[in-house]
Amino acid sequence: QVQLVESGGGFVQAGGSLRLSCAASGTIVSINAMRWYRQAPGKQRELVASITRGGSTNYADFVKGRFTISRDRANYTVYLQMNSLKAEDTAVYYCNADGLSARSWSFDNYWGQGTQVTVSS
């Protein structure tokens, strides 16, 4: 119905930056909210940032001032610019979206496969 594919993860030194991208594709009618989650080994998955279709953003306290979520509505793509990365930011980052599919005609929640971000220190 709706597929999400993340990219941009990798290895970076503490204090460095990465930009994650997530592109939605499929039988899309519309994408409402898009979100970034992350999950470190042995820890619960946690919400990092979210952005609505209208551009309203929210951030977890631990990334405020460092991460910026943005969205390209035309391409159904969400970005996460990560600056001043810390070792504790190391995790698998997952894209999440509420998508309306032409096949189901309902807003379902979709997950990407995840992209690894490793911050060395």
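All heavy atoms count here, side chains included; hydrogens, waters and symmetry mates do not.
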ask   = Are L18 and F62 connected, step by step, through hydrophobic side chains (Ile, Leu, Val, Met, Phe, Trp, Tyr) whose heavy atoms are closer than 4.5 Å?
value =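 Both belong to a single hydrophobic cluster.
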inquiry  = With clusters defined by side-chain heavy atoms of hydrophobic residues (ILVMFWY) lying less than 4.5 Å apart, directly or transitively, does I28 cluster with W105?
reply    =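 They do not share one cluster, since no chain of ILVMFWY contacts under 4.5 Å joins W105 to I28.
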Shortest non-hydrogen contact from [X] toward [Y]:
X	Y	value
L4	C95	CD1-O, 3.7 Å
S106	L100	N-CD1, 3.2 Å
N83	S17	OD1-OG, 2.8 Å
I69	M34	CD1-O, 4.0 Å
A24	V2	CB-CG1, 4.3 Å
S30	R53	CB-NH1, 4.1 Å

key: Among L80, N96, L47, I51, side-chain contact (heavy atoms from CB on, under 4.5 Å) partner for W36   =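 Only one of L80, N96, L47, I51 forms a side-chain contact (heavy atoms from CB on, under 4.5 Å) with W36, namely L80.
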message = Holding to salt bridge (charged side-chain N to carboxylate O under 4.0 Å, His left out), I want the full list of residues that pass it with K64, two or more places apart in sequence or in another chain.
response =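 In terms of salt bridge (charged side-chain N to carboxylate O under 4.0 Å, His left out), with neighbours along the sequence ignored, K64 is linked to D61.
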task = Give a yes or no answer on whether the side chain of D98 reaches the backbone of I31 with a donor-acceptor pair at less than 3.5 Å.
result =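 Flag not set: sc D98 to bb I31 has no pair under 3.5 Å.
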message = Using only atom types and a distance under 3.5 Å, with no angle test, would you say the side chain of R71 pairs donor to acceptor with the backbone of T52?
response =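 Between the backbone of T52 and the side chain of R71 there is a qualifying donor-acceptor contact (under 3.5 Å).
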Could you tell me whether the side chain of [Y] reaches within less than 4.5 Å of the side chain of [X], counting heavy atoms only?
X	Y	result
V92	E6	no
L20	Y94	no
Y93	C22	no
S101	D108	no
Y59	R66	no
T68	Y79	no

key: Within 6.0 angstrom of F11 CZ, more than 12 heavy atoms from elsewhere   =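 Open: at most 12 neighbouring heavy atoms sit under 6.0 Å from CZ of F11.
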key: Distance-only donor-acceptor check, side chains T27 and Q1, under 3.5 Å   =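 Result is no, nothing qualifies.
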key: All ring-ring contact (aromatic ring centres under 6.0 Å, His included) counterparts of Y37, not counting sequence neighbours   =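 Scan of Y37 (ring-ring contact (aromatic ring centres under 6.0 Å, His included), adjacent residues dropped) gives W111.
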key: Non-neighbouring partners of E88 that pass side chain to side chain contact (heavy atoms under 4.5 Å, CB included), sequence neighbours left out   =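 For E88 the side chain to side chain contact (heavy atoms under 4.5 Å, CB included) partners, ignoring immediate neighbours, are K86.
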request  = Output, in order, the C-alpha distance, side-chain angles, deciding distance and verdict of side chain to side chain contact (heavy atoms under 4.5 Å, CB included) for L85 and Q13.
outcome  = CA-CA 8 Å; L85 283 162; Q13 192 75 32; over 6 Å; no
Ion pair check, D89 and R38, cut-off under 4.0 Å =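 Salt bridge flag = yes for R38 with D89.
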